[in-house]
Number of protein chains: 2
Amino acid sequence: MKKVTMADVAKLANVSKSTVSQYLNKRYEYMSEETRKRIAEAIEELGYQPNIIARSLKQKTTATIGVIVFNMLHMMTTQVLHAIEEECQKRGFQVIVCNSGDDPDKEKTYVDTLLAKQVDGLIVFPTGKNEDVYRRLVEERFPLVFVDRMVPGVEADSVLLDNAGAAEMAVQYFASYGRDRIAIVTPPHVSYNVPRMERLEGFRAAMEKRGFEVGDQNVIAAEPAALPGELKKRFMESERPNALFAINDLTLMGVLRFVKDAGVRVPDEVAIINIDDVPFADIYTPALTTIAQPTFAMGKKAAERVFEQMKAKKADGPRVFRFSPVLMERTSIKREKA
Amino acid sequence: MKKVTMADVAKLANVSKSTVSQYLNKRYEYMSEETRKRIAEAIEELGYQPNIIARSLKQKTTATIGVIVFNMLHMMTTQVLHAIEEECQKRGFQVIVCNSGDDPDKEKTYVDTLLAKQVDGLIVFPTGKNEDVYRRLVEERFPLVFVDRMVPGVEADSVLLDNAGAAEMAVQYFASYGRDRIAIVTPPHVSYNVPRMERLEGFRAAMEKRGFEVGDQNVIAAEPAALPGELKKRFMESERPNALFAINDLTLMGVLRFVKDAGVRVPDEVAIINIDDVPFADIYTPALTTIAQPTFAMGKKAAERVFEQMKAKKADGPRVFRFSPVLMERTSIKREKA
DNA sequence: TTGTATGCGTTATCAG
DNA sequence: CTGATAACGCATACAA
């Protein structure tokens with residue numbers, strides 16, 4: 001196995017451990033050309049690899065940050081993770097990825113474990129619970145950034161979509177094409193799910209602003225699996241919606257399932273828009289207009305904030321970064337522009 | 001901050017560090033009910049959290065495994081990762097995720113870093129290079145598992161799709177519906193890309209077995225972005241294919257882009273099948289039949305193997321685990337069954 | 001320029 | 001049952 005340590009290198013090179021340590025930290029000024037070469041050779045010969053764990057213990061820094069996500073399979077998560085990893089890579093940091101599965105208990109356990117593992121910072125896609133846990137971290141000025149959702153009662157840096165803006169964008173888009181009976185399609189309301197709430201509220205505001213009615217019949221809320229059924233029911237009633245706003249990719253699937261099964265024509269009978277870009281938007285017929293989250297920029301920002309917090313030991317106050325949604329307008333509805 | 005250490009707890013509880021250590025490791029037999037309670041209180045009061053780094057240094061084990069993937073954004077990767085994370089979670093392990101971006105140099109750097117960080121095992125979606133690096137690990141019996149691809153010249157555990165079987169499945173599927181002019185759609189051939197090669201070879205074998213011709217015109221190879229163009233050219237020639245086998249989800253997108261732009265009717269004019277299940281298979285019109293990889297099982301197996309290798313210090317020989325593809329037959333082609 | 005000594009927070013060995 | 005004490009591998013004052 002490889003239990004070759006600094007001491008071994010030192011012995012072989014006929015120097016002391018400290019000198020080897022200097023060498024490893026590239027403080028070459030403190031040694032002769034001669035010894036430097038001997039050390040290099042010794043390292044090469046033994047195939048020595050420094051033990052970062054030992055270094056970490058001494059330096060109290062691990063060059064790793066922890067990321068806890070509530071749903072690893074979600075595409076948005078993957079993309080943000082990718083950006084985070086990339087930012088960390090640039091700085092020589094690694095990322096420990098943990099999946100809470102939206103279970104607050106697991107989330108808490110992970111926070112504890114990651115702290116015990118001495119990560120230098122934490123990026124969390126929070127369940128929305130565990131207020132106490134995070135509050136303590138903030139008090140201790142431990143580098144922490146929330147993504148996608150927030151934790152009520154915790155004043156920490158957060159990287160979020162401008163959800164209200166996205167809803168406004170959806171309604172505006174429909175309105176510009178003369179659609180007036182717009183319904184929102186969403187999973188059931190959960191108080192601590194910030195984006196869900198903000199999107200719904202944003203939708204309401206955008207509708208009212210334009211004098212569009214938004215009664216219960218225009219809020220179609222159900223678990224994703226039940227959505228097609230709910231939509232079907234809704235479409236058998238009078239005053240069918242002529243536009244559907246799906247608040248995320250999952251609900252979009254429910255909508256598409258429904259229009260396919262029910263044979264509803266898109267966009268003639270009903271126009272569709274949703275938040276989250278989807279890979280098949282282009283090849284679907286008709287091409288789907290979507291409201292994309294700038295996932296890459298969001299991940300990048302989240303990582304940057306953690307690093308900034310790491311160096312600035314004085315907390316410069318929690319900041320909320322709202323990212324503007326971007327309209328991916330595709331051909332679907334164009335032709336009937338008002 | 002929290003620099004509360006075992007010593008602090010010991011002092012507060014009026015015991016020695018060793019006793020606290022015993023307590024933490026749940027060796028309660030070695031102490032009186034009395035001290036046990038005192039320690040518990042002290043820990044509570046100080047909000048003590050053990051430093052796993054220190055523990056790791058001593059125990060030479062970190063309860064973390066490293067995962068290096070060549071493309072974090074790929075859905076298959078995400079799903080396998082998810083399964084790996086879950087298996088690790090069960091065992092109290094964490095996962096460091098690294099994205100090589102299919103760059104062998106980055107991959108090598110990551111291997112080194114992860115080893116320096118003393119991970120207990122490595123799961124790699126390899127670029128296919130770095131033979132020397134991995135060979136050394138195998139020699140040292142370091143727990144290592146490859147996923148999706150292999151590294152030529154390295155005898156390590158590998159978790160792979162039965163690619164030839166998948167190709168056979170595709171051809172068989174088409175054949176059973178009377179399709180005979182089958183073309184394979186693939187990214188350009190790269191010698192060390194094992195799955196790509198195996199799928200192509202498997203396709204050839206499956207075709208020949210049935211007496212179907214497979215000349216150059218039935219192998220449509222191009223970068224994903226160029227695929228629609230290539231397909232268009234191919235379809236302007238004589239003897240147009242009546243079935244297209246896309247070897248992964250990316251090439252499928254190229255195919256769908258093409259059929260949409262060219263107005264080719266699916267499945268009447270051309271039937272489609274592909275490897276990798278895609279989320280929109282159901283809602284696409286017509287619903288897409290796909291050949292899914294059992295990603296969850298594959299990730300689980302990869303993790304299990306690492307753990308098995310970790311305990312069995314005698315290498316029981318490298319094993320290759322081939323996972324059977326599963327046909328997700330959807331409605332698209334059914335009606336014209338031969 | 002190089003070596004010695006000490007400590008980082010645990011665990012483990014061994015007395016008591 | 002409990003407490004010194006010595007590692008673990010590296011970094012860092014401080015000496016030399």
Side-chain angles (χ1 to χ4, degrees), chain A residues 1-40 42-43 46-64 112-120, chain B residues 1-40 42-43 46-64 92 112-113 115-120:
Chain A
M1 226 40 177
K2 61 161 182 317
K3 37 198 344 169
V4 37
T5 155
M6 240 179 55
D8 301 315
V9 177
K11 196 170 348 157
L12 207 169
N14 257 313
V15 296
S16 77
K17 291 191 298 179
S18 20
T19 308
V20 178
S21 178
Q22 302 285 27
Y23 175 91
L24 290 174
N25 294 302
K26 307 196 189 304
R27 311 189 67 78
Y28 300 133
E29 327 95 57
Y30 294 99
M31 69 192 73
S32 68
E33 181 73 11
E34 168 61 13
T35 51
R36 183 166 118 202
K37 220 154 56 185
R38 280 216 312 283
I39 294 178
I43 287 178
L46 297 174
Y48 167 73
Q49 294 206 256
N51 181 330
I52 295 193
I53 290 292
R55 193 219 306 276
S56 293
L57 179 58
K58 185 72 185 166
Q59 300 191 154
K60 295 157 159 346
T61 165
T62 52
T64 112
D112 288 342
T113 308
L114 290 172
L115 290 178
K117 285 202 172 175
Q118 313 297 118
V119 295
D120 297 329
Chain B
M1 226 36 176
K2 63 159 181 318
K3 38 197 346 168
V4 36
T5 155
M6 240 180 55
D8 301 315
V9 177
K11 200 175 336 163
L12 207 169
N14 256 313
V15 295
S16 76
K17 291 192 296 178
S18 3
T19 308
V20 178
S21 178
Q22 302 286 28
Y23 175 90
L24 290 174
N25 293 300
K26 308 198 189 303
R27 310 189 67 78
Y28 299 133
E29 326 96 56
Y30 294 98
M31 69 192 72
S32 65
E33 181 72 12
E34 169 61 13
T35 51
R36 183 166 117 201
K37 221 156 54 186
R38 278 215 313 283
I39 294 176
I43 288 179
L46 297 174
Y48 166 74
Q49 294 205 258
N51 181 331
I52 294 193
I53 290 291
R55 194 220 305 277
S56 292
L57 179 58
K58 186 70 184 168
Q59 299 192 153
K60 298 161 158 343
T61 165
T62 53
T64 113
D112 288 342
T113 308
L115 290 179
K117 285 201 172 177
Q118 313 296 116
V119 295
D120 296 330

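Letters A, B, ... mirror the listed sequences (proteins, then strands); counts begin at 1.
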Problem set entry | Short side-chain N/O contact from A/Thr5 to OP1 or OP2 of D/dC10, under 4.0 Å | yes
Exercise. Contact class for B/Thr35 vs. all strands (heavy atom < 4.0 Å): base, sugar-phosphate, or nothing?
Worked result: sugar-phosphate
Seminar exercise, completed: Atom CG of A/Asn25 and atom C1' of D/dA13 are separated, to the nearest Å, by 15 Å
For this session: Using the test side-chain hydrogen bond (donor to acceptor under 3.5 Å, both in side chains), find all partners of A/Ser16 that sit at least two apart in sequence or belong to another chain.
Result: A/Ser18, A/Thr19
Problem set entry | Spatial distance of atom CD1 (B/Ile52) from atom OG1 (A/Thr113) [nearest 0.5 Å] | 6.0 Å
Seminar exercise, completed: Applying side-chain hydrogen bond (donor to acceptor under 3.5 Å, both in side chains) to A/Lys117 and not counting sequence neighbours gives B/Gln94
Seminar exercise, completed: With sequence neighbours left out, the residues meeting side-chain hydrogen bond (donor to acceptor under 3.5 Å, both in side chains) with B/Thr64 are none
Exercise. Just how far, in rounded Å, is P of D/dC10 from CD1 of A/Ile52?
Worked result: 10 Å
Seminar exercise, completed: Across all chains, not counting sequence neighbours, the side-chain hydrogen bond (donor to acceptor under 3.5 Å, both in side chains) partners of A/Arg55 are none
For this session: Using a 4.0 Å heavy-atom cut-off across all strands, classify A/Met6 as base, sugar-phosphate, or nothing.
Result: sugar-phosphate
For this session: Check whether any side-chain N or O of A/Ser32 sits under 4.0 Å from OP1 or OP2 of C/dT2, and answer yes or no.
Result: yes
For this session: Please determine if a side-chain N or O atom of A/Tyr23 lies less than 4.0 Å away from the OP1 or OP2 oxygen of D/dC10.
Result: no
Exercise. To the nearest Å, how far apart are A/Gln22 CD and C/dT1 C1'?
Worked result: 10 Å
Exercise. Quick one: bend of the helix from C/dT1-D/dA16 to C/dG16-D/dC1 from 5 pairs per end, to 10°?
Worked result: 40°
Exercise. How many Å lie between NZ on A/Lys117 and P on C/dG9, as a whole number?
Worked result: 19 Å
Do any side-chain atoms of residues 4-15 of chain A form donor-acceptor pairs under 3.5 angstrom with protein atoms, and if so which ones, sequence neighbours left out?
from: A/Thr5; atom 1: OG1; to: A/Ala7; atom 2: N; distance (Å): 3.4
from: A/Asp8; atom 1: OD2; to: A/Thr5; atom 2: N; distance (Å): 2.7

For this session: For B/Glu33 and for A/Ala7, locate the closest nucleotide of DNA chain D by heavy-atom distance; then report the residue assigned to the nucleotide nearer the 5' terminus.
Result: B/Glu33
Exercise. For the pair made of OH in A/Tyr28 and P in C/dT1, what is the distance, rounded to whole Å?
Worked result: 15 Å
For this session: Report the residues that fulfil side chain to side chain contact (heavy atoms under 4.5 Å, CB included) with A/Glu33, sequence neighbours left out, ordered by chain and then residue number.
Result: A/Arg36
For this session: Quick one: label A/Asp8 by what it contacts on the DNA or RNA (base, sugar-phosphate, nothing), any heavy atom closer than 4.0 Å.
Result: nothing
Problem set entry | Minimum-distance pair of heavy atoms, taken over all atoms of A/Gln118 and A/Thr62 | O-OG1, 2.7 Å
For this session: Check the distance between D/dG9's C1' and B/Gln118's CD and give it to me in whole angstrom.
Result: 9 Å
Exercise. Whole-Å distance between D/dA11 P and A/Ile53 CD1?
Worked result: 13 Å
Exercise. So does A/Thr19 get a side-chain nitrogen or oxygen closer than 4.0 Å to the phosphate oxygens (OP1/OP2) of C/dG3?
Worked result: yes
Exercise. Under 4.0 angstrom, heavy atoms only, what part of the nucleic acid is A/Val20 near: base, sugar-phosphate, or nothing?
Worked result: nothing
Exercise. How close do A/Asp120 and A/Ala63 get, heavy atom to heavy atom, and via which atoms?
Worked result: OD2-N, 2.7 Å
Exercise. Does the A/Asn25 side chain pair with the main chain of A/Arg27, one donor and one acceptor, at a distance under 3.5 Å?
Worked result: no
Please list, for nucleotides 5-8 of chain C, all pairs of protein and nucleotide N/O atoms separated by less than 3.5 Å.
from: C/dG7; atom 1: N2; to: A/Lys58; atom 2: NZ; distance (Å): 3.1
from: C/dG7; atom 1: N3; to: A/Lys58; atom 2: NZ; distance (Å): 3.0
from: C/dC8; atom 1: O3'; to: A/Lys60; atom 2: NZ; distance (Å): 3.2

Exercise. Just how far, in rounded Å, is P of D/dG9 from NZ of A/Lys11?
Worked result: 13 Å
